Amino acid sequence: MKELTWKPILSNLTEALGEIRDIHCRLHFLQFGELPEEEEPSPGDARDAKYIAYLERQEKRNPFTESALFCALEHAYHHLNWAWNCRRTPEERVWHFTDSDADRWNRFPDTAAFADLWPSDRSVKGRRHHYVGVGRRKVSLQVVRIHMQMAFAKLNSLGYLVAKRAGEDWPRPKGLRAGVEDEPFTEKDFTRRMHRIYSTLNMAWNSRRDKTFATSKRAIARRRLFPSIFATGCHNMWRK
């Protein structure tokens, strides 16, 4: 099997992780008035006074609403899509991509491994840049925060494993199984971990108005689907 292009994958995972980390920290701060305790990719910088002051300013100028969550998740999805879709492309071409490459790589994975996450309707509705159905309503802090916390942990672990293959430094996440970094890491393993991350982010968006967590199998299955609304944002994430 063709070797994956680890450094471009890592670059995009890092961008996605930064966005997810910011969402998680902001939601945690809004709910508890403090920042999360778990170790982060850049240890220490999220707990200083400047970062807290930044979050306070953000909330005054641009309160965390459904619209803010949409924009942040759209950016995270964008980089996750690139990480997946460019995985077999030679590194030099990834760094010097064409418009055609960007159009393809920005799309949500269409391989069979992700088919259980596709919504039934993948048509593009509405005009690009027109976020149909996205409003200024507040989101459910606890429900969304916990899903974002899980997504952060999953992506942080994946980033660490990819960094090992790319020969780059990455702080070892807490709770990672001893010796896992020394085991073979195949495209199948990469796919499985990406699937879990997508599924968790989908749950975060689709549960944004829930007051409690979905518990029935049917509700959980529905919330795991990739949100159709991301076909009408800045990036069309569906195949034409």
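Note that this is a predicted model, so its numbers are computed, not measured.
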- Query: Does a donor on one side chain sit under 3.5 Å from an acceptor on the other, for Ser100 and Asp103?
  - Reply: no

- Query: Taking a hydrophobic cluster as the set of Ile, Leu, Val, Met, Phe, Trp and Tyr residues connected by side-chain heavy atoms closer than 4.5 Å, whether directly or through intermediates, do Leu141 and Leu73 fall within one such cluster?
  - Reply: yes

- Query: Within the side chain of Arg93, is there an N or O that forms a donor-acceptor pair under 3.5 Å with the backbone of Pro90?
  - Reply: no

- Message: If I take atom CZ from residue Arg165 and atom OG1 from residue Thr5, how far apart are they, to the nearest 0.5 angstrom?
- Response: 15.0 Å

- Task: Please confirm whether the backbone N or O of Glu92 pairs with a side-chain atom of His96, one donor and one acceptor, at under 3.5 Å?
- Result: yes

- Interatomic spacing from CG in Leu80 to CE in Met237 - rounded to 0.5 Å: 9.0 Å

- How about Arg222 and Asn206: do any of their side-chain heavy atoms sit closer than 4.5 Å? no

- Query: Taking ILVMFWY side chains as joined if any heavy atoms are under 4.5 angstrom apart, and letting links pass through other members, which residues group with Met150?
  - Reply: Val143, Ile146, Phe213

- Query: So does Asp182 have more than 12 non-hydrogen atoms from other groups sitting under 6.0 Å from CG?
  - Reply: yes

- Message: With clusters defined by side-chain heavy atoms of hydrophobic residues (ILVMFWY) lying less than 4.5 Å apart, directly or transitively, does Trp84 cluster with Phe185?
- Response: yes

- With hydrophobic residues grouped by side-chain heavy-atom distances under 4.5 Å, do Val139 and Phe32 end up in a single group? no

- Item | Donor-acceptor under 3.5 Å (Asp101 side chain, Val94 main chain) | no

- Would you please say whether a donor-acceptor pair under 3.5 Å links the side chains of His79 and His75? yes

- Message: Are the side chains of Thr65 and Arg137 in contact, using a 4.5 Å heavy-atom criterion?
- Response: no

- Pair Ser199, Asn202: side-chain N/O donor-acceptor within cut-off below 3.5 Å: no

- Trp82 side chain near Tyr77 side chain, heavy-atom distance below 4.5 Å: no

- Message: For Leu201 versus Ala151, what's the shortest heavy-atom pair and its separation?
- Response: CD2-CB, 3.6 Å

- Task: Would you name the heavy atoms of Ala214 and Arg223 that are closest together and state the gap between them?
- Result: CB-CD, 3.7 Å

- Determine whether Glu168 and Lys7 make a side-chain contact, defined as any pair of heavy atoms from C-beta on separated by less than 4.5 Å. yes

- Message: Under a plain distance cut-off of 3.5 Å, with no hydrogens placed, do Asp116 and His195 share a side-chain donor-acceptor pair?
- Response: yes

- Message: Between His78 and Glu15, is there a side-chain heavy-atom distance shorter than 4.5 Å?
- Response: no

- Taking all non-hydrogen atoms of both residues into account, name the closest pair between Arg172 and Ala178 and its distance. NH2-CA, 3.8 Å

- Query: Does Ile20 share a hydrophobic cluster with Met203, counting links as ILVMFWY side-chain heavy atoms below 4.5 Å and allowing steps through other members?
  - Reply: no

- Query: Do Glu66 and Arg209 have side chains that get closer than 4.5 Å, going by heavy atoms?
  - Reply: yes

- Task: Take Glu3 and Arg87 through the test salt bridge (charged side-chain N to carboxylate O under 4.0 Å, His left out) and record every step on the way to the result.
- Result: CA-CA 9 Å; Glu3 178 73 6; Arg87 69 194 184 284; over 6 Å; no

- Message: For Leu4 and Arg88: C-alpha separation, side-chain torsions, deciding distance, then whether side chain to side chain contact (heavy atoms under 4.5 Å, CB included) applies.
- Response: CA-CA 5 Å; Leu4 300 189; Arg88 297 176 185 167; 4.1 Å; yes

- Message: Classify the ring geometry of Phe70 against Phe230: parallel below 30°, tilted from 30° to 60°, perpendicular beyond 60°.
- Response: parallel

- Item | For the student: nearest non-hydrogen atoms of Ala83 and Leu13, plus distance | CB-CD2, 3.8 Å

- NZ (Lys164) and CH2 (Trp6) are apart, to the nearest 0.5 Å, by 14.0 Å

- Message: Determine whether the aromatic ring centres of residues Trp205 and Phe226 are separated by less than 6.0 angstrom.
- Response: no

- Task: Apply side chain to side chain contact (heavy atoms under 4.5 Å, CB included) to Trp95 and Ser11, showing your working.
- Result: CA-CA 10 Å; Trp95 299 138; Ser11 175; 4.0 Å; yes

- Query: Quick check: does any side chain N or O of His24 sit under 3.5 Å from a backbone N or O of Arg145, one acting as donor and the other as acceptor?
  - Reply: no

- Item | Inter-residue atom distance Ser157.OG - Leu176.CG, 0.5 Å rounding | 5.0 Å

- Any chance you could measure Arg224, atom CZ, to Thr200, atom OG1, to the nearest 0.5 Å? 9.0 Å

- Can you tell if the side chain of Arg208 reaches within under 4.5 Å of the side chain of Lys138, non-hydrogen atoms only? no

- Query: If two hydrophobic side chains count as joined below 4.5 Å and joins carry through other members, does Ile197 share a cluster with Trp118?
  - Reply: yes

- Task: Might you point out which heavy atoms bring Pro119 and Leu225 nearest each other, and give the distance in Å?
- Result: CA-CD1, 4.2 Å

- Query: Going from OG on Ser207 to CD on Gln142, what distance comes out if it is rounded to the nearest 0.5 angstrom?
  - Reply: 12.0 Å

- Task: List the steps, then state whether salt bridge (charged side-chain N to carboxylate O under 4.0 Å, His left out) holds for Arg26 with Glu59.
- Result: CA-CA 9 Å; Arg26 189 171 179 184; Glu59 193 58 22; 3.2 Å; yes

- Task: Could you walk me through whether Phe114 and Met194 pass the side chain to side chain contact (heavy atoms under 4.5 Å, CB included) test, one step at a time?
- Result: CA-CA 9 Å; Phe114 296 89; Met194 286 288 285; 4.2 Å; yes

- Test item: Val162 and Leu158 side chains (from C-beta on) under 4.5 Å apart, heavy atoms: yes

- Given Leu35 and Leu55, is the side chain to side chain contact (heavy atoms under 4.5 Å, CB included) satisfied, shown in steps? CA-CA 10 Å; Leu35 294 166; Leu55 291 178; 3.5 Å; yes

- Give a yes-or-no answer on whether the side chains of Asn156 and Trp170 include a donor-acceptor pair shorter than 3.5 Å. yes

- Where do Ala72 and Ile23 come nearest, in terms of heavy atoms and distance? CB-CD1, 3.4 Å

- Query: Looking only at side chains, do Tyr198 and Asn81 share a donor and an acceptor under 3.5 Å apart?
  - Reply: yes

